[in-house]
Amino acid sequence: MHAIKEMRANFLALHVTGQPLLMPNPWDVGSAKLFASLGFAALGTTSSGHAATVGKMDGSVHQDDVLAYASGIADAVDLPVSADLENGFGIAPEAVYSAVRQAATTALAGCSIEDFTGDASAPLYDRHLAAERVRAAAEAAHSAESGLVLTARAENFFRGVPDLADTIARLQLYQEAGADVLYAPGLTTIEDIRSVVASVDAPVNVLVRPGIGTLQDLADAGVARLSVGGAFAQVAFAAVARAGRELLAAGSFEFLDAAAEGRGEMTRAFTDQ
């Protein structure tokens with residue numbers, strides 16, 4: 001447990017304002033090993049990417065399966081791994097506490113909790129209930145024997161409620177409730193990102209989005225961590241779909257050039273693992 005606590009502390013230390021930690025999101029053990037072999041310093045799980053591996057949409061995988069997937073990745077690589085625990089698998093703070101306590105018993109370095117209700121007609125939890133949920137998560141994450149790094153997510157822009165003032169107010173409440181890292185997925189302008197970073201004291205994670213600017217732009221804005229979410233999983237699915245359509249429609253095999261490249265990457269990533 002001492003080694004895990006040290007790893008978690010080292011993970012938090014990687015979050016430096018203006019020096020974004022590039023944290024890709026593997027959807028299975030193989031992709032995790034590939035990202036590790038490429039030289040990334042930390043990984044984050046992806047709920048949408050993992051759901052796709054079992055033929056489901058984001059948010060429809062059972063809590064036990066999510067934790068098994070996340071802890072399996074943490075066991076497979078010698079890197080800090082943060083688990084996407086979605087909305088904590090329950091409304092009540094007690095449910096969130098339980099989910100984070102389970103995560104803390106594994107080799108995971110961190111986890112995230114979001115304020116999305118799952119109901120498109122009322123997508124966000126009441127601001128103060130959401131803060132109590134983060135407080136419960138922080139209590140579980142920061143217990144004496146744990147030290148799990150907690151990321152709290154304000155889902156406004158990601159769920160069709162693009163209210164910057166409410167996003168900032170939520171993140172400020174989540175910081176006060178004990179979150180180590182703050183995250184507002186869906187932000188698409190450098191100006192909004194600067195406003196978020198300037199309004200809080202904790203490290204800020206940003207999700208890559210079209211038009212969001214360059215890595216240097218994000219560093220200059222004060223971002224401390226950068227995630228790709230399900231994008232890499234979606235890239236993999238797109239590449240396979242293109243290959244399948246080529247075979248079906250053209251009867252050609254140009255996809256084998258990419259297959260040879262992939263085989264080399266697999267050999268490099270998996271040999272002696």
How about [X] and [Y]: does a side-chain donor come under 3.5 Å of a side-chain acceptor?
{"X": "D192", "Y": "S195", "answer": "no"}
{"X": "R225", "Y": "T151", "answer": "yes"}
{"X": "R101", "Y": "S143", "answer": "yes"}
{"X": "Q63", "Y": "E86", "answer": "no"}

Side-chain donor or acceptor of [X] paired with backbone N/O of [Y] under 3.5 Å:
{"X": "S252", "Y": "E254", "value": "no"}
{"X": "T117", "Y": "Y125", "value": "no"}
{"X": "S98", "Y": "E94", "value": "no"}
{"X": "S60", "Y": "K56", "value": "no"}
{"X": "R8", "Y": "L108", "value": "yes"}
{"X": "N25", "Y": "T46", "value": "no"}
{"X": "N10", "Y": "E6", "value": "yes"}
{"X": "H142", "Y": "E139", "value": "no"}

Should N156 and D163 be marked as a side-chain hydrogen bond (donor to acceptor under 3.5 Å, both in side chains) after you check the CA-CA gap, both sets of side-chain angles, and the distance that decides it?
CA-CA 7 Å; N156 302 61; D163 183 333; 5.7 Å; no

Begin with the C-alpha distance, continue with both residues' side-chain angles, and end with the deciding distance and a verdict on side-chain hydrogen bond (donor to acceptor under 3.5 Å, both in side chains) for D84 and S47.
CA-CA 6 Å; D84 180 352; S47 60; 3.1 Å; yes

Distance check, rounded to the nearest 0.5 Å: I212 atom CD1 versus D217 atom CG?
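Atom-to-atom, I212:CD1 and D217:CG are 10.0 Å apart.
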
State, yes or no, whether a side-chain contact exists between L226 and N205 at a heavy-atom distance under 4.5 Å.
no

When you compare the side chain of P93 with that of L129, does any pair of heavy atoms fall below 4.5 Å?
yes

Using the ring-ring contact (aromatic ring centres under 6.0 Å, His included) criterion, which residues pair with Y69? Sequence neighbours excluded.
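Counting only residues at least two positions away or on another chain, Y69 forms a ring-ring contact (aromatic ring centres under 6.0 Å, His included) with H50.
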
Please indicate whether [X] has more than 12 foreign heavy atoms, meaning atoms of other residues, nucleotides or ligands, lying under 6.0 Å from its [atom1].
{"X": "D119", "atom1": "CG", "answer": "yes"}
{"X": "R127", "atom1": "CZ", "answer": "yes"}
{"X": "L215", "atom1": "CG", "answer": "yes"}

Of all pairs that satisfy ring-ring contact (aromatic ring centres under 6.0 Å, His included), the ones with a partner from residues 77-124, not counting sequence neighbours
none

Can you tell me which residue pairs pass the ring-ring contact (aromatic ring centres under 6.0 Å, His included) test with a partner in residues 220-245, sequence neighbours excluded?
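Passing the test, one end in residues 220-245: F35-F232.
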
